[in-house]
Amino acid sequence: IIVELTHVVRLVLISNDKIVYRPAGFPADQTLYVYSLLDGELLRELVGHTDTVTSIQMNEKVVVSGSEDRSVKVWDNHTAICLHTLHGHTGKVTCLKIHKNIAVSGSWDNTMRLWYVREGTCLNILEGHQDWGWSVQFNGRVVASGGDDGVIKIWDPVTAHCLLTLHGHSALVTQIEIYGDLLVSASWWDCTVKVWDLNSGVCRYTISEVRYSYGRSIVLQDNIQVTGHLDKTAKIWDILTGSLLLTLDGPQKHTPCITSIHVEGKFVITASVDGRIKLWNIKSGEFVRNLLEMEEGGIVQRM
C-alpha cells in the first residue's frame, strides 16, 4: 500500500485507527494530513492555518489544532471542514489538550484558554504564569500547565482559580501528564522528570539526567511511562516507583531521535524524523514492525 507524501515526519498524533501528521518546513507545516493507520490511506487534508501548526488533538468527532498564527481551529474529523476558528490568544499557540467538549490551549501570551469545542466559544482564561505556556493537561477535573518560567500551575477550570503552584524545575516545563492523583512533568532543559502528588503538590521523586527528545516524547498509560530519548531509544518506566523497566533499542531503532510516542494497549508506537513509524511490544520491549515508512522521493509505505 503506497501513499504519496513530500515531507518527513515531524509532528504526529496517533488516535485509535488514525494518524494526524504535520510535515516539516514552511509552508507545508501549515497543513495537517490524516491517514488510516490500518492501510496507510490518506483520508483528508486540513488546510487553513497561515503559520506553523504547533499542536494537535483528536477524538472521534473533531481534530483540534493550534498554530503560530495565534489561532485554534476545530475540524470535522470526517469531512475535513473547519467548524470553528478560535481567536483570543495574542501570541503563538504552543500546546493543546482536549477532554470531551472542552479544549485547553496555551500560548506565548502567558495564558491558557478553555474553549467549548462544539460551540466555538471561550469558557475561561487562566492567567498567572510569568512567561509563556509550553505544556498543558486537562483531565476534566483540573488543568495543569507548565511554563517557560519553570513553574507548574494547577487550576480549577470552572472558576479559573489557581489551586497549586509547583516549583522544582529550573527551566522550561516541556511536557505534563496526569495519572490519577499523580502528575508527571518533564523539562528538556534541566533533563529531569518529576512525579508530583496532584493533591498536595509534593514532589515524590525526580529522575535525573533524562536526555529525552523533542516533541511528544513522554506518554502515560496507567502507571507505565514511555519516554523518547536523544540516543534514539525509548524507555519504559514505572511511575509509581521511578524504576526503569525496559529500553526499546537494537538494530531496528530509529536513526534520528524520536519525536512522537503513543501507547495503545500492549504496544508502543514511535515516530521520528527518519520518516518511520514503528510498533514495539510494551511488555517485552521487542520491535514488532514498521507501520509506515517514508522512502526517498517522498513515499510512505505500510510495511
Side-chain angles (χ1 to χ4, degrees), residues 3 5 7 9-24 28-49 52-69 71-86 93-107 112-120 123 135-140 143-144 175-178 215-221 226 228 258-265 267-271 277 279 291-292 300 302:
V3 180
L5 267 189
H7 306 278
V9 176
R10 184 55 59 126
L11 180 63
V12 175
L13 175 69
I14 301 168
S15 180
N16 297 322
D17 59 348
K18 295 183 181 66
I19 297 175
V20 183
Y21 147 80
R22 190 220 76 192
D29 57 11
Q30 300 172 15
T31 300
L32 295 175
Y33 299 86
V34 183
Y35 286 90
S36 168
L37 186 60
L38 303 177
D39 58 15
E41 178 186 359
L42 176 61
L43 302 175
R44 43 200 161 268
E45 297 180 22
L46 309 182
V47 181
H49 281 294
T52 302
V53 176
T54 58
S55 44
I56 315 166
Q57 288 282 284
M58 175 172 58
N59 60 28
E60 292 183 359
K61 295 182 179 180
V62 296
V63 176
V64 183
S65 57
S67 169
E68 291 187 359
D69 65 13
S71 76
V72 175
K73 286 184 178 289
V74 181
W75 313 83
D76 187 289
N77 202 0
H78 303 287
T79 66
I81 293 172
C82 181
L83 303 175
H84 304 291
T85 299
L86 310 179
V93 176
T94 52
C95 54
L96 276 175
K97 181 63 180 180
I98 185 172
H99 180 81
K100 296 183 179 179
N101 187 42
I102 296 177
V104 186
S105 59
S107 167
M112 303 281 163
R113 286 177 177 259
L114 288 90
W115 312 88
Y116 285 122
V117 172
R118 283 192 299 269
E119 296 83 352
L123 166 64
S135 51
V136 68
Q137 276 294 322
F138 177 44
N139 62 1
V143 174
Q175 195 165 339
I176 295 174
E177 299 289 339
I178 295 176
R216 188 175 186 265
S217 51
I218 296 179
V219 67
L220 290 182
Q221 177 175 273
V226 186
I258 293 168
T259 57
S260 185
I261 291 176
H262 180 72
V263 177
E264 188 70 42
F267 296 108
V268 176
I269 302 169
T270 59
I277 297 176
L279 188 69
L291 288 177
L292 294 173
V300 173
R302 183 176 184 268

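Note that these values count all heavy atoms, side chains included, but never hydrogens, waters or copies made by symmetry. Sequential numbering from 1 along the given sequence is applied to the chain's residues.
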Could you check if a side-chain atom of [X] sits within less than 4.5 angstrom of a side-chain atom of [Y], using non-hydrogen atoms only?
{"X": "V143", "Y": "V136", "result": "yes"}
{"X": "L83", "Y": "V62", "result": "yes"}
{"X": "Y33", "Y": "V20", "result": "no"}
{"X": "V263", "Y": "I269", "result": "no"}

What pairs with F267 under side-chain contact (heavy atoms from CB on, under 4.5 Å), at least two apart in sequence or on another chain?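 Testing F267 for side-chain contact (heavy atoms from CB on, under 4.5 Å), a comparison that skips the adjacent residues, returns L279, V288.
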
Straight-line distance of [X] [atom1] to [Y] [atom2], nearest 0.5 Å:
{"X": "T52", "Y": "D29", "atom1": "OG1", "atom2": "CG", "value": "3.5 Å"}
{"X": "S65", "Y": "Q57", "atom1": "OG", "atom2": "CD", "value": "11.0 Å"}
{"X": "I261", "Y": "T270", "atom1": "CD1", "atom2": "OG1", "value": "7.0 Å"}
{"X": "L114", "Y": "K97", "atom1": "CG", "atom2": "NZ", "value": "13.5 Å"}
{"X": "I56", "Y": "S67", "atom1": "CD1", "atom2": "OG", "value": "11.0 Å"}

Measure across [X] and [Y] and return the closest heavy-atom pair with its distance rounded to 0.1 Å.
{"X": "G48", "Y": "W75", "value": "N-CH2, 3.8 Å"}
{"X": "L96", "Y": "S105", "value": "CD2-CB, 3.6 Å"}
{"X": "S55", "Y": "V93", "value": "OG-CG1, 4.3 Å"}
{"X": "M112", "Y": "S135", "value": "CE-O, 3.9 Å"}
{"X": "H84", "Y": "L86", "value": "CB-CD2, 3.8 Å"}
{"X": "L220", "Y": "E177", "value": "CD1-CB, 3.4 Å"}

Check step by step if side-chain hydrogen bond (donor to acceptor under 3.5 Å, both in side chains) holds for T85 and K73. CA-CA 5 Å; T85 299; K73 286 184 178 289; 2.7 Å; yes

Checking Y116 against R118 for the side-chain contact (heavy atoms from CB on, under 4.5 Å) test, could you report, in this order, the C-alpha distance in whole Å, the side-chain angles of both residues, the deciding distance, and whether it holds? CA-CA 6 Å; Y116 285 122; R118 283 192 299 269; over 6 Å; no

What do the steps show when you test K18 against L43 for side-chain contact (heavy atoms from CB on, under 4.5 Å), and what is the final call? CA-CA 9 Å; K18 295 183 181 66; L43 302 175; 4.0 Å; yes

For [Y], does its backbone N or O pair with a side-chain atom of [X] as donor and acceptor, under 3.5 Å?
{"X": "Q137", "Y": "I176", "value": "yes"}
{"X": "R44", "Y": "V34", "value": "no"}
{"X": "H49", "Y": "L32", "value": "no"}
{"X": "T54", "Y": "G66", "value": "yes"}

For H99, what residues pass the ring-ring contact (aromatic ring centres under 6.0 Å, His included) criterion, not counting sequence neighbours?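 Listed in chain order: F138.
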
Under a 3.5 Å threshold, yes or no: a donor from one side chain and an acceptor from the other, between N101 and E119?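 Yes - a donor-acceptor pair under 3.5 Å links their side chains.
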
Is there a side-chain contact (heavy atoms from CB on, under 4.5 Å) between M58 and N77 once you walk through the steps? CA-CA 8 Å; M58 175 172 58; N77 202 0; 3.7 Å; yes

